[in-house]
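Have a look at the structure below before the remarks.
Proteins get letters first, then strands, A, B, ... in listed order; numbering begins at 1 in each.
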Protein chains: 2
Amino acid sequence: MPQQRSEETRAHLLDAAVRRFAISGYNAASVDEICAEAGVSKGAFYHHFPSKQAVFLALLDGWLKTIDSGLESMRQATVPETFVEMTRLLPAIFAAADERLPMFLEFWLQASRDEKIWEATIAPYRHYQEYFARLVADGIAEGSLKPETDPQAAGQVILSLAVGLFLQGVLDPHGADWQKVGEESMKILMNGLAS
Amino acid sequence: MPQQRSEETRAHLLDAAVRRFAISGYNAASVDEICAEAGVSKGAFYHHFPSKQAVFLALLDGWLKTIDSGLESMRQATVPETFVEMTRLLPAIFAAADERLPMFLEFWLQASRDEKIWEATIAPYRHYQEYFARLVADGIAEGSLKPETDPQAAGQVILSLAVGLFLQGVLDPHGADWQKVGEESMKILMNGLAS
DNA sequence: AAAAACATACCGACTGGTCGGTATGTTTAT
DNA sequence: ATAAACATACCGACCAGTCGGTATGTTTTT
């Protein structure tokens with residue numbers, strides 16, 4: 001085990017960071033706090049990351065990779081099934097109950113302000129937009145979706161809905177039966193798009 | 001003009017606060033910053049507001065009142081028209097291009113963490129949920145919407161979509177033709193819900 | 001009418017404490 | 001032994017909130 005301990009420390013720091021950021025927010029969560037929760041010193045922190053922002057970017061990167069792998073698994077299926085699968089999986093990806101969810105809100109908020117973080121966020125995000133637009137276009141080509149649908153806009157609508165469901169789930173977890181709302185939204189989407 | 005100057009000062013402070021909060025975020029925006037932008041002293045600030053949080057809550061209150069008046073104007077119309085009007089107005093309310101929009105993201109994020117702010121946010125929010133659910137229920141009773149629709153869930157879906165559209169509009173204003181996406185989303189919603 | 005008493009609005013220096021980051025020393029693995 | 005991994009002590013900047021004081025009315029008294 002060469003640098004195993006080192007990697008464990010790094011993992012502990014990332015784990016502590018995501019929790020502190022989620023609970024207190026990026027600004028309010030201090031490096032000292034994160035170190036304490038990770039059980040390491042500040043020296044270790046700055047040995048592994050050049051700055052506080054760097055941890056944040058590392059977490060963002062990990063989150064984007066997680067979503068990507070979720071999308072990748074959907075990309076295997078054929079198009080009509082993909083579309084159904086997508087509408088099923090989308091809320092699951094975004095709304096999986098997890099105490100770290102406020103972290104993602106934090107990502108977006110920071111992204112809207114910090115140029116560096118914005119670039120790291122928006123590029124993959126646009127990639128998702130295109131992905132959904134393509135899915136809709138394929139559905140139309142196959143005849144399973146209304147031909148007059150605008151693929152770009154419809155893809156955006158699906159993404160918007162997912163984002164909205166996710167956000168509400170974060171802010172008011174017990175405010176509704178989100179499982180049910182997710183299913184209802186998929187019904188409405190399918191009815192509204194299917195030919 | 002006795003306390004006119006006083007009210008002007010207060011207005012300047014609120015105006016400066018909403019801008020600083022939107023640009024820098026609640027935590028990063030300092031009271032000094034806000035005072036400087038408002039052109040008044042820190043003493044004036046704490047003369048008008050007991051704390052930094054109090055300004056935030058005052059802004060939140062103003063925002064909720066704005067939305068409420070928008071909904072109120074819709075409440076006049078008869079139900080089927082109301083439903084169409086609603087689907088038209090909703091994105092307009094949330095997505096009106098305005099440099100202060102990130103402020104609302106800030107509201108939500110703070111709400112997810114600060115109990116006081118959460119209470120001020122979530123109560124009106126649940127009120128909107130009920131409002132939309134009732135609208136859908138009325139639409140079903142009138143026969144204009146699918147009878148098997150769950151009003152609660154469907155109302156949530158509409159709200160989610162609005163929230164998602166709004167959020168994306170904030171984060172990536174030039175990432176799509178949001179006008180078009182808004183229209184498309186309304187088409188899909190109507191198709192998916194109409195009987 | 002004018003002065004005294006009071007009230008409101010505002011100023012800006014200051015405080016106690018926090019934070020991100022650094023400098024420097026110690027331990028651990030190879 | 002030597003370099004990477006980690007710890008400790010510390011620095012300068014900043015920040016929310018306080019406080020003594022001023023300036024500008026407003027009300028009361030004479």
field: Side-chain ion pair, E7(A) and R10(A), N-O less than 4.0 Å
entry: no
field: Upstream residue (5' side of DNA chain C) when E33(A) and G43(A) are each assigned their closest nucleotide
entry: E33(A)
message: Heavy atoms from C-beta onward define the side chain here; which of dG17(D), dG21(C), dT8(C) lies closest to that of H47(B)?
response: dT8(C)
Any H48(B) side-chain nitrogen or oxygen under 4.0 Å from OP1 or OP2 of dT8(C): no
- prompt: How close or far is atom C1' of dA9(C) from atom CD of E7(B), stated in whole angstroms?
  reply: 13 Å
- line: I34(B) CD1 to dC15(D) P, in whole Å, measures 11 Å
- prompt: Above 12 or not: heavy atoms from other molecules or residues under 6.0 Å from CD of E148(B)?
  reply: yes
task: Find which nucleotide of DNA chain C each of V40(B) and A29(A) is nearest to by heavy atoms, and output the residue with the more 5' nucleotide.
output: V40(B)
statement: Taken to the nearest whole Å, CZ/F49(B) to P/dA16(D) is 15 Å
statement: Rounded to whole Å, CG of N27(A) lies from C1' of dC14(D) at a distance of 13 Å
query: Relative to Y26(A), does K52(A) satisfy both conditions: NZ or CZ under 6.0 angstrom from the six-membered ring centre, and within 45 degrees of the ring's axis?
result: yes
- request: Determine whether any donor atom in the side chain of K42(A) lies under 3.5 Å from an acceptor atom in the base of dG21(C), or the reverse, and answer yes or no.
  value: yes
query: K52(A) NZ to dA13(D) P: how many Å, rounded?
result: 19 Å
- prompt: Considering only dA16(D), dT8(D), dG12(C), which nucleotide approaches the side chain of Y46(B) most closely?
  reply: dA16(D)
- request: Find the distance R20(A):CZ to dG20(C):P and express it as a whole number of Å.
  value: 12 Å
- prompt: Can you tell me how far P of dA9(D) sits from CG of D32(A), to the nearest Å?
  reply: 13 Å
query: So is K116(B) actually on top of F56(B)'s ring, under 6.0 Å and inside 45° of the axis?
result: no
Short side-chain to backbone donor-acceptor contact, S144(A) and G139(A), under 3.5 Å: yes
message: Using the side-chain heavy atoms of S41(B), tell me which of these nucleotides is nearest: dA16(D), dG12(C), dG20(C).
response: dG12(C)
query: Quick one: is S51(B) getting a side-chain N or O under 4.0 Å of the dA16(D) phosphate, OP1 or OP2?
result: no
statement: Rounded to whole Å, the CZ-C1' distance (F45(A) to dT8(D)) equals 17 Å
